[in-house]
Amino acid sequence: MRWNQRITIKDLPLYIGQTVTLPGWIQFSRKSSQVRFLGFRDGSGLIQALLIKGETPEEVFGLWSELRQEASVSITGEVAACEQGPLGVEIKVSHIDILGTGGDFPLGRKEHGPDFLHNLRHLWLRSKKQVALFQIRDQVIQAIHEFLWSQSFVKMDSPILTGTVGEDPKGLFKLDYFDLGPAYLAQTGQLYLEASIFAHGRVFCFGPTFRAEKSKTRRHLAEFWMLEAEMAFFDAQDNIDLQEDLIHFILNRVLERCLAPLEVLERDLAPLKRSLEPFVRLDYKEAVKLLAQIGPLLVDGDDLGATHETALGEHFGKPVFVMDYPKAVKAFYMKEHPEEPTRVKCADLIAPEGHGEIIGGSQREEDIDKILARLAEAGLAPETYDWYLDLRRYGSVVHSGFGIGLERLVGWMAGMHHIRECIPFPRMMERLTP
RNA sequence: UCCCCGAUAACUCAGUUGGUAGAGUAGGCGACUGUUAAUCGCCCUGUCGCAAGUUCGAGUCUUGCUCGGGGAGCCA
């Protein structure tokens, strides 16, 4: 049988009354005197398999002691309708082949601490909630690609090894690169995307990003996946409109296709549905005024901290764009505000429920002299950016872009407290294995 | 880098004024006619993170170290 003709668990509702053979793993087992139950998983779904005394052959019934959690087995049996379970079917076992034994699987069905779970991440991924979480992550990734490709974006992968320092000379992972001295793991693909818009108009990249910051919070990882998009002839307003449409598209997709995984994770859907409304758009100065009333106080000119973000998210109960920050707290490539030269045309999107900033974006400065001045202020060597400055020398245009932290986005939608669970193998300050 | 908290059975934790450790879960055996974290009975499980100090005596008090958790800053 060809691979694509195999029967898997998700197909079983179509096979009621028929006998099928399925390979998979035992998720759990329970028994009473007359009936024994196996939770059986094959990657496409989870189903309950029954061994019934007097009905199931004795030699199969006698295999019980070997049918331990995470043993791999091939099960043959008749598919029957049943009330319980998401698929509404179960399988009455007539034969079992043991493929691989289970042993004492270290993860039980009870509570475990984060350190223990992360040390066993390679096994933890098999558990029900983790399976649900990565189904959601996968849908988010698919939705991002679908939306952007449907809007004429071209995927232009950016380099991971880079010699140019992106924005922050600190916080970079450094390594030796042949005879050329130090190389760095990319913190952003933005400058490369800016180069690409002149060829393709609208581009994006989506890949791992590395930050050597010694961050120990539930919102930070040393390695995370970032979607970055860059658009020619988009001003700050267009940029925000696009971001809002993209997030709405992803959210609709998750609410359409991920209801079962969201239920497994016990995600309250009300805040997600509320986020289908238009997002709040708040000028930085309005944010300062609002925070003066609702607290915590934000000093005019300072960057927002985590507590400010949480307060704004709680106040509105849906995502909030905070726009046009002070120039001093933002990167050199952001476009100077035409009316207020102390500010830049940027926006961060803050997710509700304490999930913090999930998008950072801006219109880019297209005036080469202003960029040179900003580089000098920041103490960055202009010759390092010579190729980037070429983009302003040859056909410079209005353009904008943004970056989305995938794990933060997934963490918000799935309602995860900590984003370290939202990536298969998290890389943090004190954790490099598995 | 800074602040706070923690480390006791395979896991999650309790452990009183300092007197050599206990529960639940997991595991083993048994019971139970359909279980959903099943339930019930019995049994098993210890370098109390490491090192030093105080003391007749330290899981408990002191110091140092290691590891972990939460938060800040930075950012996505």
Side-chain angles (χ1 to χ4, degrees), chain A residues 27-39 46-55 65 68-69 80 82-86 90 92 102-120 124 127-129 166-172 187-190 206-229 243 296 302-310 325 329-331 348-351 354-361 402-412 417-420 422-423 428-431:
Chain A
Q27 185 112 359
F28 61 83
S29 59
R30 269 189 287 274
K31 68 169 183 172
S32 61
S33 66
Q34 304 300 310
V35 191
R36 297 178 175 184
F37 305 92
L38 294 173
L46 178 67
I47 198 173
Q48 191 157 261
L50 285 81
L51 292 86
I52 301 166
K53 195 157 199 168
E55 242 179 86
S65 63
R68 309 179 67 174
Q69 187 185 2
C82 74
E83 305 258 315
Q84 304 100 319
E90 59 191 9
K92 291 180 175 170
D104 290 324
F105 195 70
L107 296 171
R109 314 193 69 192
K110 287 279 181 172
E111 58 206 319
H112 297 291
D115 187 42
F116 179 77
L117 287 170
H118 279 284
N119 286 334
L120 295 172
W124 185 25
S127 70
K128 202 176 168 188
K129 285 194 173 183
E167 36 191 290
D168 183 3
K170 281 170 283 200
L172 287 163
Q187 270 192 328
T188 168
Q190 184 201 315
F206 191 24
T209 302
F210 306 90
R211 303 277 164 97
E213 294 286 344
K214 292 189 174 178
S215 299
K216 281 183 75 174
T217 83
R218 76 175 97 104
R219 296 183 305 282
H220 289 87
L221 294 168
E223 177 182 306
F224 66 95
W225 283 67
M226 182 157 67
L227 166 82
E228 290 177 279
Q243 291 166 39
D302 283 1
D303 202 359
L304 273 73
T307 51
H308 303 115
E309 292 177 359
T310 302
Y325 283 63
V329 302
K330 289 291 180 183
D348 289 347
L349 182 65
I350 294 162
H355 290 276
E357 183 183 340
I358 54 173
I359 302 184
F402 61 91
I404 299 183
L406 178 69
E407 289 77 15
R408 287 187 182 177
L409 181 64
V410 172
W412 164 46
H417 181 69
H418 201 305
I419 68 165
R420 67 189 159 197
C422 299
I423 186 166
M428 294 174 290
M429 234 168 94
E430 304 289 353
R431 192 173 295 282

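Letters A, B, ... mirror the listed sequences (proteins, then strands); counts begin at 1. Just so it is clear, the model here is predicted, and its values are computed rather than measured.
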Could you tell me whether the side chain of A:His220 has a donor or acceptor atom within less than 3.5 Å of a complementary atom in the base of B:C75? yes
What's the gap between B:G15 and B:A7 when it is taken at their C1' atoms, as a whole Å value? 15 Å
Write down the distance separating the C1' atoms in B:G46 and B:A10, rounded off to the nearest Å. 12 Å
How long is the line joining CG of A:Asp104 and P of B:U45, in whole Å? 16 Å
Every protein N/O within reach of nucleotides 21-23 of chain B N/O, cut-off under 3.5 Å:
none

Across all chains, not counting sequence neighbours, the ring pair (Phe, Tyr, Trp, His ring centres under 6.0 Å) partners of A:Phe402 are none
Taking every non-hydrogen atom, the tightest pair across A:Pro296 and A:His308: O-CD2, 3.3 Å
What are the two closest heavy atoms between A:Pro106 and A:Leu120, and how far apart are they? CB-CD1, 3.8 Å
Expressed in whole Å, how much space separates the C1' atoms belonging to B:G28 and B:G71? 44 Å
Please report the shortest heavy-atom distance between A:Met226 and A:Gln187, naming the atom on each side. CE-O, 3.7 Å
Residue whose nearest RNA chain B nucleotide is more 5′ - A:Phe105 or A:Leu406: A:Phe105
Starting at atom CD1 of A:Ile359, determine the distance to atom P of B:A76, rounded to an integer number of angstrom. 11 Å
Would you mind classifying the nucleic acid contact of A:Asp348 as base, sugar-phosphate or nothing, using non-hydrogen atoms under 4.0 angstrom? nothing
A:Asn119 CG to B:G49 C1', in whole Å, measures 14 Å
For the pair A:Gln190 (side chain) and A:Gly403 (backbone), establish whether a donor and an acceptor sit closer than 3.5 Å, ignoring hydrogens and angles. no
Could you tell me which non-hydrogen atom of A:Ala306 sits nearest to which non-hydrogen atom of A:Arg219, and how far apart they are? CB-NH2, 3.2 Å
Kindly express the pairing pattern of RNA chain B in dot-bracket notation, using | wherever a base pairs with another strand and counting only Watson-Crick or G-U pairs under 3.5 Å. (((((((..((((.....[..)))).(((((.......))))).....(((((..]....))))))))))))....
Residues in side chain to side chain contact (heavy atoms under 4.5 Å, CB included) contact with A:Ser29, at least two apart in sequence or another chain: A:Leu38, A:Trp64
In this structure, how many angstroms lie between the P atom of B:U36 and the CG atom of A:Leu38, rounded? 16 Å
Give one of base, sugar-phosphate or nothing for A:Ile404, where a contact means two heavy atoms less than 4.0 Å apart. nothing
In terms of side-chain heavy atoms of A:Arg68, which of B:A76, B:G27, B:C11 is nearest? B:G27
How far, in whole Å, is B:A51 from B:U66 if one measures between their C1' atoms? 10 Å
B:U47 to B:U20 separation - C1' atoms, rounded to the nearest Å: 14 Å
Hey, what are the protein-to-nucleotides 65-72 of chain B N/O distances that come in under 3.5 Å?
| residue | atom | partner | partner atom | Å |
| --- | --- | --- | --- | --- |
| B:G68 | OP1 | A:Glu430 | O | 2.9 |
| B:G68 | OP2 | A:Glu430 | OE1 | 3.3 |
| B:G70 | OP1 | A:Arg420 | NH1 | 3.3 |
| B:G70 | OP1 | A:Arg420 | NH2 | 2.8 |
| B:G70 | OP2 | A:Arg420 | NH1 | 3.2 |
| B:G71 | OP1 | A:Arg218 | NE | 2.4 |
| B:G71 | OP1 | A:Arg218 | NH2 | 2.4 |
| B:G71 | OP2 | A:Arg218 | N | 3.3 |
| B:G71 | N7 | A:Lys216 | O | 3.0 |
| B:A72 | OP2 | A:Arg219 | NH2 | 3.4 |

Taking the C1' atom in each of B:U54 and B:G64, what is the distance between them to the nearest angstrom? 15 Å
Under the salt bridge (charged side-chain N to carboxylate O under 4.0 Å, His left out) rule, collect the residues that match up with A:Lys129, sequence neighbours excluded. A:Glu266
Sub-3.5 Å donor-acceptor pair from the side chain of A:Glu309 to the main-chain atoms of A:Ile350, do we have one? no
Can you tell me if A:Arg408 uses its side chain to pair, donor with acceptor, with the backbone of A:His355 under 3.5 Å? no
What pairs with A:Asp104 under salt bridge (charged side-chain N to carboxylate O under 4.0 Å, His left out), at least two apart in sequence or on another chain? A:Arg68
Heavy atoms only, 4.0 Å cut-off, all strands: where does A:Gly39 land among base, sugar-phosphate and nothing? nothing
Which value, in whole Å, describes the distance between the C1' atoms of nucleotides B:A14 and B:U25? 14 Å
For A:Asp302, check salt bridge (charged side-chain N to carboxylate O under 4.0 Å, His left out) against everything at least two apart and list the hits. none
When rounded to whole Å, the CG to P distance for the pair A:Leu117 and B:A10 reads 17 Å
Enumerate the protein-to-nucleotides 31-35 of chain B contacts in which both atoms are nitrogen or oxygen and the separation is below 3.5 Å.
| residue | atom | partner | partner atom | Å |
| --- | --- | --- | --- | --- |
| B:U33 | OP2 | A:Ser33 | OG | 2.8 |
| B:G34 | OP1 | A:Ser32 | OG | 3.0 |
| B:G34 | N1 | A:Glu90 | OE2 | 3.1 |
| B:G34 | N2 | A:Glu90 | OE1 | 2.7 |
| B:U35 | O2' | A:Arg30 | NE | 3.3 |
| B:U35 | O2 | A:Arg30 | NE | 2.9 |
| B:U35 | N3 | A:Gln48 | OE1 | 3.0 |
| B:U35 | N3 | A:Gln48 | NE2 | 2.8 |
| B:U35 | O4 | A:Gln48 | NE2 | 2.3 |

Taking atom P in both B:U60 and B:U16, compute the distance separating them and give it to the nearest angstrom. 11 Å
Rounded to the nearest Å, what distance is computed from the CG atom of residue A:Asp302 to the C1' atom of nucleotide B:C74? 14 Å
Check ring pair (Phe, Tyr, Trp, His ring centres under 6.0 Å) between A:Phe116 and all other residues, then give those that pass, not counting sequence neighbours. A:His112
For A:Phe224, answer base if it contacts any base atom (sugar-phosphate contacts may also be present), sugar-phosphate if it contacts only those atoms, and nothing otherwise; contact means non-hydrogen atoms under 4.0 Å. base
A:Arg36 CZ to B:A38 P, straight-line distance once rounded to whole Å: 16 Å
Could you pick out which residue, A:Glu357 or A:Met429, lies toward the 5' side of RNA chain B when each is mapped onto its nearest nucleotide? A:Met429
Considering non-hydrogen atoms only, spot the tightest contact between A:Trp225 and A:Phe206 and give its length. CZ3-O, 4.0 Å
Tell me the interatomic distance from A:His355, atom NE2, to B:C75, atom C1', rounded to whole angstroms. 17 Å
Residues at least two apart in sequence or cross-chain that pass side-chain hydrogen bond (donor to acceptor under 3.5 Å, both in side chains) with A:Thr217, listed by chain then number, are A:His220
Quick one: label A:Leu409 by what it contacts on the DNA or RNA (base, sugar-phosphate, nothing), any heavy atom closer than 4.0 Å. nothing
So, using salt bridge (charged side-chain N to carboxylate O under 4.0 Å, His left out) as the criterion, who are the partners of A:Glu90 when residues are at least two apart? none
